[in-house]
Amino acid sequence: MGDWKRTHDCGSLRADEDGKESVLMGWVNSRRDLGNLIFIDLRDRDGITQIVFDPQVDGESHERAHALRNEWVIAVKGTVSPRLKGQENFSMPTGSIELKVTGLKILNRTETPPFQVDGAVDASETLRLKYRYLELRRPQVFSVFLKRHRISVCIREFLNGKGFMEVETPFLTKSTPEGARDYLVPSRVNRGLFYALPQSPQLFKQLLMIGGFERYYQIVRCFRDEDLRADRQPEFTQVDLEMAFVNEDGVMAVFEEMMGKLFREIMDRAIPFPIKRMEFHEAMDRFGTDRPDMRFGMELIDLTDIAVKSDFRVFKDVIEDGGVVKAITVKNGGPAFSRKKLDELSALAVESGARGLAWIKVNEDGWQSSLKKFFKDEDKNGLNEKSGAGPGDLILIVAHKRRVANESLGVLRLKVARRMELIPVSAYEFVWITKFPLLEYDETEKRLQAVHHPFTAPVEEDIHLLDDQPEKVRARAYDLVLNGTEIGGGSIRIHVPAVQEKMLSILGISPEQAKVKFGFLLEALKYGAPPHGGMALGFDRLVAIMAGVNSIREVIAFPKTTSATCLLTGAPSGVDEAQLKELGLRTDS
RNA sequence: GGGGACGUAGUUCAGUUCUGGUUAGAACGCCGGCCUGUCACGCCGGAGGUCGCGAGUUCGAGUCUCGUCGUCCCCGCCA
């Protein structure tokens with residue numbers, strides 16, 4: 001670079017800077033070598049400026065510019081000039097000017113890149129991840145990370161303004177038995193013992209409340225050793241917060257206001273306030289899921305009272321067993337679903353627990369359906385009416401226990417909506433889901449498990465059910481759902497030691513085990529724990545939705561593959577025998 | 001742990017099934033030459049292949065079979 005000093009960014013020059021001396025630095029985005037005239041699109045993170053090498057302006061630079069290639073790093077000195085009339089490029093912000101080069105410094109050359117940074121054909125994700133730094137040069141990719149940054153700044157500003165303070169909590173911490181599989185870190189100083197990387201700072205933030213900090217937050221990495229998905233990475237970022245002396249409304253109000261600010265400032269959109277709330281049971285009944293996508297209708301309809309009047313054995317048996325007959329109505333779905341596509345839906349229903357899928361195509365002249373002969377005409381009309389179905393519509397019906405019928409129709413509802421493109425892509429629909437069950441029975445482990453986590457407080461009026469009907473107890477937990485994605489969740493915590501001990505015993509954790517695993521929390525609760533609660537937001541998921549990308553890999557600078565490897569660094573990798581020995585570890589492979 | 005899709009020049013793909021058979025093609029990129037207003041510059045020429053890897057069937061395999069590795073999607077799992 002010598003004594004050259006960059007004076008402008010590549011996206012900033014405009015016609016009113018005519019005649020200015022300027023020094024630009026960046027990467028060669030593309031070149032058009034016409035022989036005597038050489039045009040280079042110079043790119044930095046701010047934008048692209050066309051620079052011109054003209055032998056009549058500077059012969060030496062022009063001569064050397066023939067050698068320039070894509071992705072070389074250069075610095076140019078020159079004069080900002082308006083482009084010739086008719087030669088402006090109105091599709092680029094700097095398209096009315098160009099830089100007439102009077103001096104060129106080549107700062108670095110490059111090997112031929114494995115894929116084109118500015119190319120018509122895109123490379124596979126495998127290659128893009130291996131050379132992630134090249135992909136990060138792409139303006140669209142950079143803009144995602146700029147947006148991520150702005151979102152985190154916005155969140156910090158908001159929480160700081162509300163009296164929250166950021167506190168760091170340990171990464172090398174204690175393994176906890178509940179929840180996801182832990183990433184373990186061996187201790188050299190304490191041979192044979194392990195730290196665990198935190199699945200979330202849950203217990204520490206509760207300790208901070210007991211420590212009297214009252215309002216804590218942290219934008220923090222969390223680690224879970226579970227199988228990956230498009231929206232799951234082994235390490236991911238949460239906006240974690242906790243408040244003392246609040247109830248559900250207190251926590252939810254903070255989050256709603258924060259979401260309002262985020263969408264206003266980053267997306268330039270107003271979101272309706274307050275955000276809708278729906279109890280867990282209502283969500284399951286109406287949408288068949290605890291994270292309903294509210295951008296479209298097609299709600300679940302209960303047809304049990306009509307189905308019971310039919311002669312269809314399957315329906316009657318299910319209803320006698322206490323089950324339900326439920327349906328979704330697909331507007332104009334008749335022509336859209338061929339026999340083959342209906343078979344696919346049926347397979348999907350079976351996969352999600354149903355025993356089968358019944359369907360009715362409502363036509364001008366009546367039903368087209370295998371159920372036709374089982375229903376009286378008046379009941380057919382009644383069913384049509386209750387389903388809101390008219391000619392051309394399709395009714396999909398599942399009969400089963402309430403939970404299974406709901407869940408499989410929930411899956412079908414999404415599938416159908418996607419296939420029929422019923423989901424408005426630029427809509428953002430928030431909903432709170434509240435009062436989740438506190439506990440559920442785990443068939444494989446043959447014991448009760450906490451739905452949220454073992455520190456979630458039960459709804460006061462349900463506490464008396466804890467002993468006899470624990471699965472009926474509702475939790476003071478809430479999830480924030482955006483466009484069918486759970487972007488955050490939290491709860492009011494247990495702050496009374498006796499209740500916490502009771503909870504652990506219901507989970508099948510003996511007092512001795514509890515002392516070993518959670519003793520520090522149980523003890524802390526004894527020393528004046530304030531009522532408290534909080535929430536954690538899946539930051540990567542939120543950014544992905546706000547940036548309009550499909551996978552959280554797109555919003556993480558150096559993400560891992562679905563087999564939890566890093567294609568860039570090659571992690572995880574073997575280590576020296578000496579390192580293992582020092583840690584007292586042996587591997588069996 | 002289970003199911004599915006994909007793997008062929010540097011890159012993105014075609015060729016692969018029904019039907020194994022001469023020298024594996026295209027586009028973009030790369031290299032060389034020409035070109036004074038380009039912006040997907042244009043024109044001429046050129047190089048570039050362990051058909052993911054391994055075994056099998058066959059006179060002969062990119063193509064068929066089995067195994068294996070990798071990437072992606074889904075189920076389980078993710079308090």
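The shown structure was predicted, so the numbers you read here are calculated from the model rather than taken from an experiment.
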* For the pair made of CD1 in A:Ile48 and P in B:C39, what is the distance, rounded to whole Å? -> 15 Å
* Select one nucleotide: of B:C39, B:G37, B:C78, the one nearest the side-chain heavy atoms of A:Arg232. => B:C78
* With a 3.5 angstrom cut-off on both distances, give the Watson-Crick or G-U wobble partner of B:G25, or none if there isn't one. => B:C13
* Using atom types as modelled and distance alone, determine if a side-chain donor or acceptor of A:Ser96 lies under 3.5 Å from a backbone N or O of A:Glu88. => no
* To do: Look at atom CZ of A:Arg291 and say whether more than 12 heavy atoms of other residues, nucleotides or ligands are closer to it than 6.0 Å.
  => no
* Identify which nucleotide among B:C39, B:C35, B:G10 has an atom closest to any side-chain atom of A:Gln116, counting heavy atoms from C-beta outward. => B:G10
* **Sugar-phosphate only, base, or nothing, as touched by A:Gln50 at under 4.0 Å among non-hydrogen atoms** => base
* Would you say B:G70 has OP1 or OP2 under 4.0 Å from some side-chain N or O of A:Ser563? -> no
* If you look at every strand shown and take non-hydrogen atoms under 4.0 Å, does A:Val52 touch a base, only sugar-phosphate, or nothing? -> nothing
* So, the side chain of A:Arg541 versus the backbone of A:Asp231: is there a donor-acceptor pair under 3.5 Å, distance only? -> yes
* **Between B:C41 (C1') and A:Asn29 (CG): distance, integer Å** => 15 Å
* Could you tell me whether A:Asp225 contacts a base, only the sugar-phosphate backbone, or nothing, with contacts defined as non-hydrogen atoms closer than 4.0 Å? => nothing
* Asked: A:Glu351 near the nucleic acid: base, sugar-phosphate alone, or nothing, with a heavy-atom cut-off under 4.0 Å?
  -> nothing
* Asked: Going by distance alone, is a donor N or O of one side chain under 3.5 Å from an acceptor N or O of the other, for A:Asp33 and A:His66?
  -> yes
* Asked: Taking for each residue the nucleotide of RNA chain B with the nearest heavy atom, is it A:Thr112 or A:Leu84 whose nucleotide lies nearer the 5' end?
  -> A:Thr112
* Asked: With respect to the phosphate group of B:C72, does any side-chain polar atom (N or O) of A:Ser124 fall under 4.0 Å of OP1 or OP2?
  -> no
* Under 30°, 30 to 60°, or over 60°: which ring-plane class applies to A:Trp432 and A:Phe255, parallel, tilted or perpendicular? -> perpendicular
* **A:Gln513 and A:Ser510 side chains, donor-acceptor separation under 3.5 Å** => yes
* Among the candidates B:U71, B:C39, B:U38, find the nucleotide nearest to the side-chain atoms of A:Leu567. => B:U71
* So, is A:Arg31 close to the B:C41 phosphate, meaning a side-chain N or O under 4.0 Å from OP1 or OP2? -> no
* When all nucleic acid strands are considered with a 4.0 Å heavy-atom cut-off, which category describes A:Leu228: base, sugar-phosphate, or nothing? -> nothing
* Look at the side-chain N and O atoms of A:Gln199 and state whether any lies under 4.0 Å from the OP1 or OP2 oxygen of B:C78. => no
* Sugar-phosphate only, base, or nothing, as touched by A:Thr565 at under 4.0 Å among non-hydrogen atoms -> sugar-phosphate
* **Length of the CD1-P vector between A:Ile40 and B:G37, whole Å** => 17 Å
* Given atom CG of A:Asp118 and atom P of B:A40, what is their separation to the nearest angstrom? -> 10 Å
* Under the 3.5 Å rule, do the base of B:G76 and the side chain of A:Asp227 count as making a donor-acceptor pair? -> yes
* To do: Determine: side-chain N/O of A:Arg553 to OP1/OP2 of B:C73, distance under 4.0 Å, yes or no.
  => yes
* Asked: Using a cut-off of 4.0 Å on non-hydrogen atoms, how would the nucleic acid contact of A:Lys100 be classed: base, sugar-phosphate, or nothing?
  -> base
* Rounded to the nearest Å, what distance is computed from the NZ atom of residue A:Lys130 to the P atom of nucleotide B:C72? -> 15 Å
* Among B:U38, B:C35, B:C30, the nucleotide that comes nearest once only the side chain of A:Asn70 is considered -> B:C30
* For B:U71, does OP1 or OP2 lie under 4.0 Å from any side-chain N or O of A:Thr562? -> no
* Report yes if a side-chain nitrogen or oxygen of A:Arg32 is closer than 4.0 Å to either non-bridging phosphate oxygen (OP1 or OP2) of B:C41; otherwise report no. => yes
* Contact class for A:Phe115 (heavy atom, under 4.0 Å): base, sugar-phosphate, or nothing? -> nothing
* Asked: Side-chain donor or acceptor of A:Arg224 under 3.5 Å from a matching atom on the base of B:C78?
  -> no
* Within the 6.0 Å centroid threshold, strictly below: A:Phe236 and A:Phe223 -> no
* Quiz item: A:Arg69 side-chain donor-acceptor pair to B:G29 base, under 3.5 Å -> no
* To do: Return the value, rounded to whole Å, for the distance between atom CD of A:Gln449 and atom P of B:C78.
  => 7 Å
* Structure fact -> Rounded to whole Å, CE of A:Met92 lies from C1' of B:U38 at a distance of 12 Å
* **Sugar-phosphate only, base, or nothing, as touched by A:Glu98 at under 4.0 Å among non-hydrogen atoms** => base
* Asked: Base, sugar-phosphate, or nothing for A:Pro114, non-hydrogen atoms under 4.0 angstrom?
  -> sugar-phosphate
* Asked: Mapping A:Thr561 and A:Phe455 onto RNA chain B by nearest heavy atom, which one lands closer to the 5' end?
  -> A:Thr561
* Structure fact -> To the nearest angstrom, the CZ-C1' distance between A:Phe223 and B:C78 comes to 16 Å
